[in-house]
Student: 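Take a look at this one; I'll ask things after.
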Amino acid sequence: MKADFYTEVYNIVREIPEGCVVTYGQLAKLARRPQCSRMVGQAMFNVPKELNLPCHRVVNSQGRLAPNWAEQRGLLEKEGITFKKNGCVDLKKHIWEDILPII
DNA sequence: GTTGTGACTAGTG
DNA sequence: ACACTAGCCACAA
């Protein structure tokens with residue numbers, strides 16, 4: 001069911017600390033669907049803004065940001081995220097590795 | 001049931 | 001760095 005997976009993703013995204021980022025793959029793994037990284041992206045696009053999730057802290061494995069979303073860069077900069085020269089997030093510094101062993 | 005789509009990932013050139 | 005491919009999954013039409 002999408003609702004359950006989405007809920008898991010939202011719940012995790014909500015826990016992302018300030019100044020940190022997380023990849024779709026990690027998020028998918030934490031949501032107990034390691035292969036569904038694409039669904040994480042869909043979940044982020046469909047996320048109700050009312051939930052006030054820090055979806056701007058979710059990036060892909062390369063540290064690339066969501067396409068056609070100029071705001072994300074500014075939001076991350078405000079959070080204290082640093083970018084490389086090419087504009088990608090410095091994953092090594094800000095990647096969120098706090099694995100929560102649900103189950 | 002099949003097809004097209006995507007805010008993905010890893011690999012290759 | 002970029003472009004492309006193949007694998008992957010769930011959803012919408």
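Since this is a predicted model, take the numbers as computed values, not measurements. The sequence lines fix the lettering, A, B, ..., with proteins before strands; numbering per chain opens at 1.
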Student: Any side chain to side chain donor-acceptor pair (under 3.5 Å) involving residues 42-52 of chain A? Give me the pairs, sequence neighbours left out, ordered by first then second residue.
Tutor: none
Student: Given atom CZ of A:F5 and atom C1' of C:dC9, what is their separation to the nearest angstrom?
Tutor: 9 Å
Student: Rounding to an integer number of Å, can you tell me how far A:K29 NZ sits from B:dC8 C1'?
Tutor: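 So the NZ-C1' distance, A:K29 to B:dC8, works out to 13 Å.
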Student: Can you sort out the partners of A:A43 under side chain to side chain contact (heavy atoms under 4.5 Å, CB included), two or more places apart, ordered by chain and number?
Tutor: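 In terms of side chain to side chain contact (heavy atoms under 4.5 Å, CB included), with neighbours along the sequence ignored, A:A43 is linked to A:Y6, A:V9, A:Y10.
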Student: Which of these nucleotides, C:dA10, B:dC8, B:dA7, is closest to any side-chain atom of A:N60?
Tutor: B:dC8
Student: Side-chain donor-acceptor contacts of residues 79-93 of chain A below 3.5 Å, not counting sequence neighbours, with atom names and distances?
Tutor:
unit_1, atom_1, unit_2, atom_2, d
A:E79, OE1, A:R57, NH2, 2.5
A:T82, OG1, A:H94, NE2, 2.9
A:N86, OD1, A:C88, N, 3.3

Student: Nearest whole Å is fine: how far is C:dG7 P from A:R33 CZ?
Tutor: 23 Å
Student: Contacts to DNA chain C from residues 16-25 of chain A, heavy-atom cutoff under 4.0 Å, which residues?
Tutor: none
Student: I'd like to compare against my own output: the B/S/- annotation of nucleotides 1-6 of chain B with a strict under-4.0 Å heavy-atom distance to protein.
Tutor: -----B
Student: Would one find a side-chain N or O of A:N86 under 4.0 angstrom from OP1 or OP2 of C:dA1?
Tutor: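 For C:dA1, OP1 or OP2 has a side-chain N or O of A:N86 closer than 4.0 Å.
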Student: What is the distance, rounded to the nearest whole Å, between atom CD of A:Q62 and atom P of C:dA1?
Tutor: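 So the CD-P distance, A:Q62 to C:dA1, works out to 8 Å.
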Student: Which atom names give the shortest non-hydrogen contact between A:M44 and A:V13, and what distance separates them?
Tutor: CE-CG2, 3.8 Å
Student: Holding to salt bridge (Lys or Arg N to Asp or Glu O under 4.0 Å), I want the full list of residues that pass it with A:R73, two or more places apart in sequence or in another chain.
Tutor: A:E77
Student: Could you list the residues that satisfy side chain to side chain contact (heavy atoms under 4.5 Å, CB included) with A:P34, not counting sequence neighbours?
Tutor: none
Student: If I take atom CZ in residue A:R32 and atom P in nucleotide C:dA10, what distance separates them, rounded to the nearest angstrom?
Tutor: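 Rounding to the nearest Å, CZ of A:R32 and P of C:dA10 are 14 Å apart.
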Student: Show every salt bridge (charged side-chain N to carboxylate O under 4.0 Å, His left out) that has at least one partner inside residues 13-24 of chain A, sequence neighbours left out.
Tutor: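 Residue pairs with at least one partner in residues 13-24 of chain A: there are none.
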Student: Indicate the atoms forming the closest heavy-atom contact of A:Y24 with A:V58, along with that distance.
Tutor: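 Shortest heavy-atom contact: CE2-CG1, 3.5 Å.
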Student: May I ask you to evaluate whether A:S37 reaches the phosphate of B:dT9, defined as a side-chain N or O under 4.0 Å from OP1 or OP2?
Tutor: no
Student: Nearest whole Å is fine: how far is C:dA10 P from A:D4 CG?
Tutor: 12 Å
Student: Just do the side-chain contact (heavy atoms from CB on, under 4.5 Å) check on A:L76 and A:L65 with the steps written out, would you?
Tutor: CA-CA 10 Å; A:L76 292 170; A:L65 305 181; 3.5 Å; yes
Student: Write down the distance between CD (A:Q35) and P (B:dC8), rounded to a whole number of angstrom.
Tutor: 16 Å
Student: C:dA1 P sits how many Å from A:K84 NZ, rounded?
Tutor: 6 Å
Student: Would you compute the distance between atom CD1 of A:I16 and atom CG of A:L27 and round it to the nearest 0.5 angstrom?
Tutor: 6.0 Å
Student: Among residues 64-83 of chain A, which ones have heavy-atom contacts with DNA chain B below 4.0 Å?
Tutor: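 Within residues 64-83 of chain A, the residues near DNA chain B are A:A66, A:P67, A:W69.
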Student: Within the distance-only criterion (no hydrogens, no angle test), does the side chain of A:Q72 pair as donor or acceptor with the backbone N or O of A:A66 below 3.5 angstrom?
Tutor: yes
